[in-house]
Structures are given as C-alpha cells and as structure tokens.
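Notes follow the structure.
Below, chains carry the letters A, B, ... as their sequence lines are ordered, and counting in each starts from 1.
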Amino acid sequence: MTVAADLLKWLVGISTLMVFWEIAGRQAWLGGGLPPLSGVFAYAIEPRSTELLLRSAGITATNASYGFVIGSLIGTLIACSGQIWRPLKQGLDTLSTFVNAIPLIALGPLMIVTVGEQFTPMATAALAVFFAVFVATLGGFERVPNVHRDVTRAYGTAHWRALLLVQFPNALPSLIDGLKLGVSTAVLGAILGEWFGAPAGLGVLIVSSMQNFQINLLWSAAIIGTVMSAAAYFLLALLQARLLRRLGL
Amino acid sequence: MISTLKGIWTRYWGILILLAAWQFFVSINNINSIVAPSPQAVVLSLINNADYFAGEALRTTLTASGGLLLGLLLGIVIAALAWSTPTLSGLLMPMALLLRSIPIVAFVPIIVRIAGYGTHTVLIVTTVLSFFPCYVFALSGFQEVAQVRKDFCRSVGCKTVGWRFFRYVAMPTAVPNILTALRVLAPTALLVALVAEFLIGADGLGYVMLRARSDLEMDKSWAAALLASVLSVAFFALFSWFDKKYRSNWQA
C-alpha cells in the first residue's frame with residue numbers, strides 16, 4: 001500500500017511540476033529562456049532532432065560509463081592500498097582531497113594535452129567518480145568492528161588477507177553507497193569534459209545550443225542528461241537493494 | 001625538526017610526489033610553457049600578480065558564499081513550510097530527489113539563457129545548487145525530533161505543531177544536519193561558481209582561467225586553478241571546523 005502511496009505522490013509531484021512549467025513557458029514568465037514543455041517535447045520527437053539527441057546521449061553515456069568504471073576502480077584501489085600498507089594512508093587521504101578540490105574545468109586543458117580531446121570526457125568523469133567512491137570505501141573500512149580487526153591481528157593474518165576476508169566485505173555496503181552517488185557525478189563529469197573540444201556528445205550539444213540560442217535543443221539535451229543520470233542512480237539503488245538482501249545486510 | 005619533517009612527509013607525500021613528477025615531466029620533455037607551465041612558473045605568477053589574484057579570488061568566494069547562504073535560507077524556509085504542511089512535503093520530495101541527480105553543469109547554460117550574462121547569474125547558479133541539499137537535510141532534521149521530546153512537549157501542554165514547537169524543538173534538532181549540508185556543499189558551491197564564471201565570462205577566478213588561456217598565459221591560468229583548489233579545501237576545512245566546534249559545544 002505504501003508503495004502505491006509513494007507512487008501517487010511521485011506522479012502528483014511530477015505532474016504538478018510539468019503543469020507549472022507549461023504555464024510558465026506559455027506565459028513566458030522567464031522570457032525566451034523557458035519554452036513551454038510541450039514545445040520542447042514536440043521538438044525532441046522530430047525525427048531529425050531525435051536522431052541527433054540519441055546519438056549525443058549515446059556518446060555521453062559511453063564516456064560516463066567508462067569513466068565510472070575506471071574512477072570506481074581507482075577509488076577502491078587507493079582506499080585498499082592505504083589499508084594494506086598503513087604508512088601510505090594519511091598521504092593518500094591528503095592527495096585525494098586535494099585532487100578532488102582541483103576544479104574540473106582547470107583540468108580540462110591538461111587532459112587535452114595528456115589523454116587527447118577524445119578521451120577527456122572519460123578522464124574527467126573518472127576523476128569526478130573517484131573521490132566519491134574513495135571516501136565511501138574509506139568510511140566503510142572505518143566501520144569494521146574492532147573485534148574483527150583484533151581477531152585478524154591476533155592470528156597474525158596478512159594485511160591483504162584481512163582486507164579481502166574481513167575489511168572489504170564490511171565496507172561493501174558503504175562502497176555501493178559511494179557508487180550510487182558517483183554515478184550521477186560520472187554523467188556530470190562526462191558532460192563537463194565534452195566542453196573541451198570533444199567531437200560530439202551532450203556537453204557539446206548543450207554549449208553550442210546555448211551559444212546559438214537553440215532553446216528547445218538546449219532543454220532537450222539537459223533533460224536527457226538528467227534522465228540518464230536519474231536512471232543510472234535508480235538502477236544502482238535497485239542493484240544495491242538486491243545485493244544487500246542477498247548478503248543479508 | 002626531523003620529526004616535523006617526517007610528519008609533513010607522512011601527511012603530504014602524495015602532493016609532494018605529484019609536484020615533483022609535474023616539474024620532472026615538464027623539464028624532461030622540454031614542454032613548451034604554452035602547453036604546460038612548470039610548478040615554479042605557476043607559483044611565481046601567483047606571487048607576482050598577488051593583488052590581482054586576491055581580488056578575483058575574493059570575488060568568486062563572495063559570490064559562492066552569497067549563493068550558498070541564499071540557497072541555505074531558501075532551503076530552510078521551504079523545508080519549514082513542508083514540515084508544517086505534509087501535503088507540500090509530499091509534493092516536493094519527489095522533485096527534490098529528482099533534482100538531486102540533475103547534472104548541474106547541464107543546467108548552467110539554461111540559467112544563463114534565462115538570467116543573462118553576469119555575476120548575478122553565477123549567484124543564481126550557486127543558489128540553485130545549494131537549495132536542494134539544504135532543503136533535504138533541513139527537512140529530515142526537522143522530522144527527526146525524538147519521540148521522547150515530543151512526549152515531553154505534550155505532557156507540559158505544548159503542541160507538537162506550530163511555531164513554538166518549531167522554534168524551540170525542531171529547529172535546534174535540525175542544526176547538525178544543516179551544518180553537515182553546508183560542509184558538503186561549500187567546496188562544491190565554490191567550484192560550481194567557477195564553472196559558471198568560466199562559461200559566462202563573468203569576473204572571478206573562472207574568467208581568469210578562461211582569459212589567461214586564450215592569451216596563452218598558461219602559468220596564470222594554472223595559478224588561478226591552484227588558488228581555486230586551495231580555496232575549496234579551505235572552505236571545506238572551515239565548515240568542518242565549525243561543525244566540530246558546534247558539536248563539541250552543544251552535544252554531549
């Protein structure tokens with residue numbers, strides 16, 4: 001019953017937003033910048049624009065996925081290596097915090113030099129993801145019960161074995177939380193990375209349509225980006241629920 | 001002396017190695033300074049143009065803080081309204097959840113189209129960015145009031161709705177939540193302000209980056225990036241400190 005109630009709330013909430021938007025667009029409350037929703041929709045379903053939008057979305061999705069996978073791997077590995085060799089930990093924390101603080105738009109040009117324009121979106125997406133996953137994994141490690149840690153220490157378990165058998169499983173729920181947060185940042189990072197002379201993608205579309213005042217195209221691209229990131233989030237949330245149930249957590 | 005050095009090394013070896021690798025990479029490959037400046041050129045540029053950078057950094061910091069504050073106020077007010085009217089909270093929750101996963105960079109151009117090119121647009125962008133997390137955190141804080149406290153209020157004849165309950169019970173309960181939201185948001189607000197300045201060409205560090213790059217003054221552009229990174233870390237540290245201080249003062 002609560003599921004139905006939640007669903008109803010969602011439906012009502014979103015339809016209110018859509019109706020409000022339509023009225024605001026028709027009355028031009030925000031000038032030409034906010035077209036009516038129906039106009040954007042009509043534009044997006046024209047075959048030519050649909051093709052353009054889908055092609056760009058596909059490219060961005062690919063970039064974001066590669067970035068997501070690479071970034072998550074790096075984040076997890078860095079967090080783990082700090083566990084295996086303790087002296088590394090503090091320096092890795094500081095380094096990660098600092099790298100995370102470097103504005104992505106500042107890294108764009110550097111990426112173009114090092115990895116090339118085509119791979120820049122992947123690299124920025126990976127960078128955006130890495131920190132979320134790193135922090136979440138570290139948080140998970142800190143939640144390992146002391147008793148467990150003491151047992152491995154008392155039996156003289158090798159660090160990497162303790163990591164594999166005790167710490168990592170304990171950190172898993174938190175790691176998945178990090179992945180969930182990271183997946184939206186991956187889309188964001190990919191779009192941002194595409195601003196720097198990438199050949200195609202939603203980011204390219206968004207900037208060029210802003211400059212050329214193609215307002216319907218701009219809104220369509222932004223909405224597709226949002227839907228993409230929301231869909232990825234829900235997919236991971238679903239996966240998380242299943243996995244946690246499976247693990248009995 | 002040795003132990004201080006050792007302490008610095010354990011904490012900062014990552015950054016030190018990164019700097020060394022950067023310097024090494026630039027000098028060994030003999031890379032033109034138009035492509036990648038050396039760390040020392042960047043630091044020199046920062047020192048030589050200290051006044052200029054300080055002014056632009058102040059501008060970006062003020063815009064970001066202003067947006068953060070506006071978003072925070074708006075978030076708290078709307079969360080308070082949602083707290084007092086469950087229907088509104090039901091309506092707003094899906095939107096807040098949906099908008100949380102919005103890639104904000106995709107909407108910066110839209111906000112620019114609506115609000116125009118200028119510093120006020122940067123302010124609007126950071127406000128919009130800050131609003132939703134503040135709303136979500138504040139609302140969950142208001143709703144987290146422990147049952148014991150509600151029971152106590154009822155037993156002394158105070159209603160668990162309305163202004164008095166909100167002011168004396170719900171609001172204080174939500175403060176730690178709001179501080180967490182601020183701590184998480186502050187560095188992001190700064191970086192998003194930067195993105196907006198970069199895209200719009202509004203004065204501030206973001207524009208310094210853009211202009212220096214088109215003038216091929218890469219040392220200047222990287223200096224701005226370095227400054228922005230330091231500022232963002234400082235923002236985070238400041239709010240973490242504030243958070244900790246509040247907790248140690250007010251919570252057992």
Side-chain angles (χ1 to χ4, degrees), chain A residues 6 9-14 16-17 30-34 87-88 90-107 109-110 113-114 183-185 187-192 195 202-203 206-207 209-211 213 215 218-219 221-223 225-226 228-230 232-234, chain B residues 9-18 25 31 35-36 90-116 187 190-192 194-195 197-199 205-206 209-210 213 218 221-222 224-226 228-236:
Chain A
D6 275 353
K9 263 189 205 165
W10 271 86
L11 278 176
V12 175
I14 289 178
T16 317
L17 179 69
L30 293 173
L34 184 73
L88 284 181
Q90 223 179 11
L92 285 175
D93 291 0
T94 334
L95 180 65
S96 307
T97 314
F98 189 75
V99 169
N100 180 54
I102 302 175
L104 280 180
I105 43 166
L107 286 173
L110 176 68
V113 177
T114 45
V183 80
S184 337
T185 30
V187 177
L188 194 144
I191 292 179
L192 198 64
W195 288 4
L202 282 182
I206 285 170
V207 168
S209 60
M210 174 189 89
Q211 282 159 353
F213 220 129
I215 206 73
L218 176 56
W219 272 102
I223 291 173
T226 308
M228 199 190 288
S229 113
Y233 181 87
F234 283 116
Chain B
W9 176 250
T10 19
R11 188 173 273 276
Y12 297 107
W13 64 264
I15 293 175
L16 293 174
I17 288 182
L18 190 70
F25 180 75
I31 289 176
V35 179
L91 282 181
L92 281 174
M93 212 42 182
M95 273 185 238
L97 285 178
L98 193 71
L99 288 166
R100 190 176 59 177
S101 55
I102 280 187
I104 183 79
V105 287
F107 280 79
V108 175
I110 289 182
I111 297 175
V112 174
R113 270 274 78 102
I114 292 174
L190 194 77
L191 297 185
V192 167
L194 220 61
V195 173
E197 284 168 355
F198 178 85
L199 193 71
L205 281 182
M209 248 181 258
L210 181 70
R213 194 186 309 157
M218 287 321 267
S221 162
W222 285 41
L226 188 69
S229 319
V230 172
L231 273 180
S232 142
V233 173
F235 250 48
F236 183 74

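- Within the 4.5 angstrom heavy-atom criterion, only side-chain atoms of B:Val112, from C-beta onward, approach chain A.
- Contacts of A:Trp219 with chain B are made by both backbone and side-chain atoms, with heavy-atom separations under 4.5 Å.
- Taking chain B as the reference chain and counting heavy-atom pairs below 4.5 Å, the highest number among A:Ile223, A:Leu11, A:Asp93, A:Leu88 is found for A:Leu88.
- A donor-acceptor pair is defined here as one N or O able to donate and one able to accept, closer than 3.5 Å; no such pair exists between the side chain of B:Ser232 and the backbone of B:Ala228.
- At a 4.5 Å heavy-atom cutoff, the contact between B:Leu226 and chain A is made by side-chain atoms alone.
- B:Met209 and B:Ala224 get closest at one heavy-atom pair: CG-CB, 4.1 Å.
- Every residue meeting the side-chain contact (heavy atoms from CB on, under 4.5 Å) condition with B:Ile17, not counting sequence neighbours, appears here in chain and number order: B:Trp9, B:Trp13.
- We find the CG-OH distance between B:Leu18 and B:Tyr12 to be 14.5 Å, quoted to the nearest 0.5 Å.
- Using a 4.5 Å cut-off between heavy atoms, B:Leu194 touches chain A through backbone and side chain atoms alike.
- The two residues B:Leu199 and B:Pro109 make their nearest non-hydrogen contact at CD2-CG, 3.9 Å.
- The shortest non-hydrogen separation linking B:Ile15 to A:Phe98 is CD1-CB, 3.8 Å.
- In terms of heavy-atom pairs under 4.5 angstrom with chain B, the leader among A:Val207, A:Val187, A:Ile206, A:Leu202 is A:Ile206.
- Interface remark: B:Leu191 contributes side-chain atoms only to the contact with chain A (heavy atom separation under 4.5 Å).
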